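Here the structure is a predicted model, which is why all the values come from computation and not from measurement. Letters go in sequence order (proteins before strands), and every chain restarts at 1.
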Amino acid sequence: MQAYSEILRTMDIYREIDRLNPRQREAALHGEGPLLVLAGAGSGKTRVITMRTAYLIHTGVPAGSVLAVTFTNKAAREMKGRVQHMVKTGNGSPVISTFHSLCLRILRREIEVLGYRKDFTIYDTSEQVSLLRNILSEIKFYDKSFKAEALLERISRTKNSFASQNDDADPIEEASAMIYPKYLDALKSMNALDFDDLLLLTLRLFREYPEILRKYRERFRYLMVDEYQDTNRVQYDFIKLMAGERRNLCVVGDDDQSIYGWRGADIGNILDFEKDFPGTVTVRLEQNYRSFGHILNAANGVIRNNARRMEKSLWTEKGDGPKVNIFKAADTEDEAEWIIDRVSLIKDERNIRFEDVAIIYRANNFSRPFEEALRRKRIPYSVVGGTSYFERTEIKDLAAYLKIIANPSDGLSLMRAANVPKRGLGATALGVIADFARTNSIGLLDAFGGASGIPGIGKKAAASAEKFFDLIRHYRQMFDSGREMGKTLEALINEINYRDYVLGLYKTPEAAFGRMENIAGFVESITHYESTEQAPSLQGFLETVALTDLIEEEEEKGGRGVTLISFHSSKGLEFPVVFIAGTEEDMLPHKKSADTDEGIEEERRLFYVGITRAMNELYITYAQNRTKYGKSEPSFPSRFLEEIPEEAARKLDRFEEMDPDQEKAYVKKLYANLMAKLGD
DNA sequence: GAATCACGCATTTTT
DNA sequence: TGCGTGATTC
């Protein structure tokens, strides 16, 4: 029985390999040594990585010695799903993981040699910001021209690129040089790591402890890295170390889609790969399975103008298809209305769903005119992106409790939890406790425990602090011993009257409804976690919270209607019909990126990414006047528009180039819309 | 501690 | 223009 299914799988593999195109096959069958797969947009790269993994294992490589690293959970999930189909599980399975969770796993095992405890906490961006704010106010850094976010960006860049701290006399630079060490100390003392630390400390571990590095090199003999063009300096060093002498390293990526330079991604990593790893086999995946020819010609024509890139050119067997449509709108509203009219027109004519349509723009605040127009026409839509989701106060509050329970050194979470709900511990009392803890070098939580012995603290506050200490200690035991984390969390929520507290924050119970849902959702997610994990732990749950977006799944399911999305967020997605809006100078290229050639080239890549999202139809629009900050100003077509080959595009006017039937339908539609508007 | 106001700022965001 | 922040006020 088992043998039979194995034969089937074997056949599956060969059948699948047979279905690859020659380039894909070359990549999938590559054995030892460095391999660079330059995977153009829509060229089936995930298929290739999956096939290569399956094939390696098929040829006798132990599954567990294959490591594939991605940037996003989504990519890892997808790859896992596909590999599971191809590979017999049981003899271990390949490790497919994001950079961050891989490093986290390593650090959980090894971090003690670096002077951290294993129960370290992970701070997300908002916690990093709070920490920085605390530091700023502590050292009485009253220059309000320094925003914590700006500092954080600088600090993160320093961490990720090993940039030296004070090259120039830029004021942010100076502030950063001053605050950076304090920030590092604070993290360390709280036994906490930020996102960057996960990678950085793993790298340090490998550098300083060769025997640990050796262990992981032995463990992972075949490495694959997805989206290699997005790696930063730290990730590059990490990969290089892991690959070691063996150099069984396969990197997959597309330099033309490198759009995260501003976050530290170094396009040089992929451009110099062949130099860094002599003997590299380079495979170009240029056949595109997504778009029609004219769309690809437009994309090729644009990206050709970049100097720093690996030569390649997308092609298809699908035929030319319709030309790329370029439309000049009068102003911001006109653009939005024209696009939305077009959406309903196309929907009726082509029998497509709203889900098949995306509107892509440079900056998130561009979604607004489209949202308004869509609402007017009662067309369903969903906006992708924006960072606001992460900031759900209720989840942060409850997570702070869990964090201080899991890691008693986590002073930041302690301070947050101590105040929510209010329990008579104001800024003064907390300050006194914190000072006391610091001067006597005892833990902050312990200082809470002995609050009544602290000079200068009120009786009530002291009692409250000690009660809080007991609460944390109690739940630490509960979470430690008990299996039932969901119930324990529920008990905690009840004990601190958290729901009442949140209810009290809003005028009406209706207004608080969403908040209640968040709380319920959080409890549900911990329950779900403990029921799916083999060895659930509070720490493990907190990792999930930190490293994966809890909302991800509902969002994917809930995302209905027309998609409104930024260029950046659109990478990796595809839509039958794509509108690219606001193709104007100062927006694309954005004026803040237009000073340098590097900046311009990254903007051009953005445009390229946008164009290559389209499968069947692509519309590119620009407006002659754009409303910015309430004022309408003349706007000019983007320089990138001229780079689209003339044969691949056509200029579209409202009625021109439509056949009479279409025009009739269009007018009918306009009429219907007018009626709908009157009906409002 | 809550409500109010004035001010400044406004690109992109995988973990 | 419109939002979030920080200061001011009761």
Side-chain angles (χ1 to χ4, degrees), chain A residues 69-78 97-104 122-129 133 136-137 142 144-145 147-150 152-153 156-157 159-160 193-200 226-232 234-235 253 257-265 332 360-369 384-391 419 422 424 426-427 504-505 507 543-550 552 565-573 582 586-594 599 602-603 605-607 609-610 626-633:
Chain A
V69 195
T70 65
F71 275 88
T72 65
N73 293 305
K74 194 175 157 212
R77 215 182 310 132
E78 270 171 26
S97 167
T98 62
F99 271 105
H100 293 267
S101 21
L102 172 69
C103 289
L104 175 62
I122 301 163
Y123 282 169
D124 68 18
T125 313
S126 67
E127 287 159 324
Q128 292 177 271
V129 171
R133 288 214 180 110
L136 284 173
S137 70
Y142 278 132
K144 54 183 171 6
S145 61
K147 290 219 320 235
E149 285 84 355
L152 181 59
E153 203 176 295
S156 181
R157 210 180 327 147
K159 282 191 170 186
N160 287 324
L193 273 58
D194 64 21
F195 283 141
D196 300 325
D197 284 337
L198 290 172
L199 295 159
L200 201 54
D226 191 23
E227 304 279 16
Y228 188 68
Q229 78 283 352
D230 290 337
T231 48
N232 62 31
V234 172
Q235 287 155 339
Q257 294 187 71
S258 164
I259 54 174
Y260 285 105
W262 54 277
R263 281 191 103 213
T332 313
I360 303 179
Y361 37 74
R362 177 65 235 258
N364 288 114
N365 59 338
F366 267 50
S367 68
R368 218 170 132 193
V384 178
T387 30
S388 54
Y389 298 108
F390 289 86
E391 300 310 304
N419 245 335
K422 307 267 178 294
L505 252 36
K507 291 192 178 77
E543 283 169 11
T544 315
V545 174
L547 256 44
T548 67
D549 192 345
L550 284 180
E552 236 169 46
I565 195 169
S566 70
F567 283 104
H568 286 90
S569 300
S570 76
K571 195 175 75 158
L573 305 177
D586 289 355
M587 320 264 31
L588 188 79
H590 196 276
K591 66 163 175 289
K592 292 201 175 168
S593 306
E602 185 153 313
E603 296 289 307
R605 278 178 236 127
L606 271 182
F607 192 37
V609 165
R626 185 157 297 276
T627 314
K628 281 177 199 164
Y629 315 133
K631 265 193 297 229
S632 181
E633 282 175 357

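In this structure, A:S156 contributes its side chain and A:E153 its backbone to no donor-acceptor pair below 3.5 Å. A donor-acceptor pair under 3.5 Å is absent between the side-chain atoms of A:Y123 and the main chain of A:F195, judged by distance alone.
In this structure, CD of A:E633 is placed 13 Å from P of C:dT1, rounded to the nearest angstrom. A:F71 has its CZ atom 16 Å from the P atom of B:dT13, to the nearest Å. Rounded to whole Å, the distance from CZ on A:F366 to P on C:dT1 is 18 Å. Between the CZ atom of A:R605 and the C1' atom of B:dT12 there is a distance of 13 Å, given to the nearest Å. In this entry the distance linking CG of A:L193 with C1' of B:dT15 reads 13 Å, nearest Å. The CZ atom of A:R157 sits 21 Å away from the P atom of B:dT15 (whole-angstrom rounding). The distance between atom NZ of A:K591 and atom P of B:dT12, rounded to the nearest whole Å, is 13 Å. The separation between A:E602 atom CD and B:dT12 atom P is 14 Å, rounded to whole Å.
Nucleic acid contact class of A:R133 (heavy atoms, under 4.0 Å, all strands): none. Using a 4.0 Å heavy-atom criterion, one finds that A:F99 contacts no nucleic acid atom at all.
An OP1 or OP2 oxygen of C:dT1 is reached within less than 4.0 angstrom by no side-chain nitrogen or oxygen of A:R368. For B:dT13, the OP1/OP2 oxygens have a side-chain nitrogen or oxygen of A:S566 closer than 4.0 Å.
The ring-ring contact (aromatic ring centres under 6.0 Å, His included) check on A:Y228 picks up A:F273, with sequence neighbours excluded. Residues forming a ring-ring contact (aromatic ring centres under 6.0 Å, His included) with A:H568 (at least two apart in sequence, or on another chain): A:Y260, A:W262.
Under 4.0 Å is where a charged nitrogen must lie from a carboxylate oxygen, and between A:K159 and A:D194 at least one such pair does. A salt bridge links A:D230 with A:K571: at least one charged nitrogen is closer than 4.0 Å to a carboxylate oxygen.
Taking atom P on both B:dT12 and C:dT5, the two are 16 Å apart, rounded to the nearest angstrom.
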Give each protein N/O atom lying under 3.5 Å from an N/O atom of nucleotides 9-11 of chain B, with the pair distance.
residue	atom	partner	partner atom	Å
B:dT11	OP1	A:K592	NZ	2.5
B:dT11	O4'	A:H590	NE2	3.4
B:dT11	O2	A:R362	NH1	2.9
B:dT11	O2	A:R362	NH2	2.2

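Centre separation under 5.5 Å together with a plane angle under 30° holds for the ring of A:W262 and the six-membered base ring of B:dT12, marking them as stacked.
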### Task
Using the side-chain contact (heavy atoms from CB on, under 4.5 Å) rule, take A:I122 and A:L104 through it: C-alpha gap first, then chi angles, then the decisive distance, then the call.
CA-CA 9 Å; A:I122 301 163; A:L104 175 62; 3.7 Å; yes
